[in-house]
Enquirer: 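Below you will find the structure I want to go over with you.
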2 protein chains.
Amino acid sequence: MAFTDTIPDNCPPRTHAAKRVSILEAATDVFCREGYAGANIDMIAAEAGVSRQTVYNHHGDKEKLFIAVVRALTERTNAGIFATLARFPDQPQDLESDLTEFAVRLNRNCICNSDGKHLRKLIEMEGQRYPELFAGWREEGPGKTWTALAARFARLAHAGHLELDNPDIAARQFLGLINAELDVSMALGDKIDEHRARSAASNAVRTFLRAFGRH
Amino acid sequence: MAFTDTIPDNCPPRTHAAKRVSILEAATDVFCREGYAGANIDMIAAEAGVSRQTVYNHHGDKEKLFIAVVRALTERTNAGIFATLARFPDQPQDLESDLTEFAVRLNRNCICNSDGKHLRKLIEMEGQRYPELFAGWREEGPGKTWTALAARFARLAHAGHLELDNPDIAARQFLGLINAELDVSMALGDKIDEHRARSAASNAVRTFLRAFGRH
DNA sequence: GACGATTTGGACAATGCTGTCTAGAAAAAT
DNA sequence: ATTTTTCTAGACAGCATTGTCCAAATCGTC
């Protein structure tokens with residue numbers, strides 16, 4: 001037995017886990033670039049620097065591999081969103097600039113980064129084919145994000161910083177405004193530079209505050 | 001020669017054209033459902049009620065067929081958007097309800113209808129692989145839509161119905177707000193019923209007017 | 001250094017798809 | 001009615017891909 005006490009039965013140590021990760025990363029890239037049907041295991045193996053057999057050893061199946069990719073991506077993306085959400089300006093010094101900073105982070109770290117783009121593309125491409133798989137994402141992702149963000153806005157309103165009648169709708173519209181200037185570029189895979197992310201965020205926040213700010 | 005004088009060289013009459021259309025429709029469905037790589041000619045032929053050879057006769061190639069599909073879809077969608085744009089409320093009776101009506105039409109006839117969903121999906125799936133093809137869409141579609149809509153808003157502002165400092169940004173944000181509540185459902189392929197389209201539009205317009213309406 | 005587990009690279013059958021080709025049926029044009 | 005064109009259905013070669021199998025090489029551990 002090559003197993004170590006501290007690591008459970010099915011997981012031999014060292015490079016094993018490292019390879020599993022590179023395979024997952026390579027698979028993410030290839031699936032996103034080529035789509036599920038267009039991706040082939042040899043590409044993934046080559047891009048992971050691993051033999052084809054190893055891919056099969058780790059993930060068993062093209063479909064299982066795809067599912068693993070989506071799960072990993074969803075988890076990372078959700079974690080990122082909540083990490084950013086944790087820095088929401090609950091006691092803002094300057095509401096506009098604090099909210100803008102928050103929006104910039106949301107764009108940069110969650111929506112326009114590679115995980116965000118990848119996940120978005122996989123959902124758009126294969127969402128219909130794997131309804132159960134992405135139903136999970138929907139509840140854990142947008143579902144919880146919206147209510148969490150809505151709660152933050154409600155608190156701001158309660159503290160007198162905003163005038164809202166429906167925090168839930170406001171939360172969605174906040175996200176919609178943030179994406180308004182970027183979604184076409186995102187769909188075509190353009191690179192979004194820091195400057196565009198900032199100006200998109202600041203325009204969004206300005207309008208948001210025109211609608212819901214205290215005057 | 002079986003050609004008629006009134007019809008150019010390459011286009012024999014009757015059912016020929018009809019079949020070309022059914023092939024294009026079937027191809028649109030199949031490409032959207034399965035992605036480019038996942039689609040196969042036999043499916044398309046079967047769904048069009050036509051033999052495989054006929055597909056090749058009409059469009060020559062899987063790739064040429066795909067390009068024809070995208071072109072047709074882009075043209076129809078753009079035409080639809082400009083038709084809707086032509087009914088923009090330039091002399092509004094009741095700004096809020098007129099804008100809402102406009103937004104509902106935009107959702108129902110351009111964005112959430114089957115052409116809109118198909119085009120969106122193809123762009124998301126294959127946009128990277130055919131940059132030139134979709135660059136055309138971008139200029140003719142979103143590009144012109146934005147400036148046209150911005151011009152309408154600018155006129156409304158000039159007539160004293162809105163308070164805008166940047167009609168261009170306002171136009172994009174208007175579209176962003178309209179989609180804010182729908183994009184997740186769209187990505188997962190849900191059916192958007194009339195009621196949801198209306199409430200999304202009316203929420204969007206209410207917020208838009210809170211930001212840019214005259215008070 | 002010896003052991004067990006993992007990895008490699010290559011071969012392999014099975015399958016599915018593209019695009020071509022054919023001969024005959026069907027449809028349109030004359 | 002005849003002729004020309006398009007359509008069908010199926011066969012076909014060529015190719016790519018999936019997933020399995022195996023012997024040899026490699027790696028980590030004892």
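Below, each value reflects all heavy atoms present in this structure, side chains not excepted, and no hydrogens, waters or symmetry copies. Letters go in sequence order (proteins before strands), and every chain restarts at 1.
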Enquirer: Identify whether the distance between the nearest side-chain nitrogen and carboxylate oxygen of B/E34 and A/R129 falls below 4.0 Å.
Expert: yes
Enquirer: Under a 3.5 Å threshold, yes or no: a donor from one side chain and an acceptor from the other, between B/S51 and B/T54?
Expert: yes
Enquirer: Kindly give the atom pairs (protein nitrogen or oxygen, nucleotide nitrogen or oxygen) under 3.5 Å for nucleotides 10-12 of chain C.
Expert:
unit_1 : atom_1 : unit_2 : atom_2 : d
C/dA11 : N6     : A/R52  : NH2    : 3.1

Enquirer: Which one, C/dT18, C/dT7, D/dT8, comes nearest to the side chain of B/T54?
Expert: D/dT8
Enquirer: A/F66 has an atom CZ; how far is it from atom P of D/dT18, in whole Å?
Expert: 14 Å
Enquirer: To the nearest Å, how far apart are B/K62 NZ and C/dT20 P?
Expert: 14 Å
Enquirer: Between A/K121 and A/E126, is the closest basic N to carboxylate O distance under 4.0 Å?
Expert: no
Enquirer: Taking only heavy atoms on the protein side, list every residue of residues 25-46 of chain B lying under 4.0 Å from any atom of DNA chain C, sorted numerically.
Expert: B/A39, B/N40, B/I41
Enquirer: It should be established whether B/H58 places a side-chain nitrogen or oxygen under 4.0 Å from OP1 or OP2 of nucleotide D/dT6.
Expert: no
Enquirer: Does atom CD (B/E194) have a neighbourhood of more than 12 heavy atoms from anything else shown, all under 6.0 Å?
Expert: yes
Enquirer: A/D61 CG to D/dT20 C1': how many Å, rounded?
Expert: 13 Å
Enquirer: Can we say B/D190 and A/R138 salt-bridge, meaning some charged N sits less than 4.0 Å from an Asp/Glu carboxylate O?
Expert: yes
Enquirer: Can a side chain N or O of A/K19 be found less than 4.0 Å away from OP1 or OP2 on C/dA5?
Expert: no
Enquirer: Taking B/R120 first and then A/E124, would you say they form a salt bridge - that is, a charged N and a carboxylate O separated by under 4.0 Å?
Expert: yes
Enquirer: Just the rounded figure in Å: distance from P of C/dT6 to CZ of A/R20.
Expert: 11 Å
Enquirer: With a 6.0 Å cut-off (strictly less than), is the heavy-atom count around NZ of A/K144, excluding the residue itself, greater than 12?
Expert: no
Enquirer: Closer than 4.0 angstrom, basic N to acidic O: yes or no for A/R33 and A/E47?
Expert: yes
Enquirer: What is the distance, rounded to the nearest whole Å, between atom CG of A/N57 and atom P of C/dT8?
Expert: 9 Å
Enquirer: Using side-chain heavy atoms (C-beta onward) and a distance below 4.5 Å, is B/W137 in contact with B/L122?
Expert: no
Enquirer: Rounded to whole Å, please give me the gap between OH in B/Y56 and C1' in D/dC7.
Expert: 16 Å
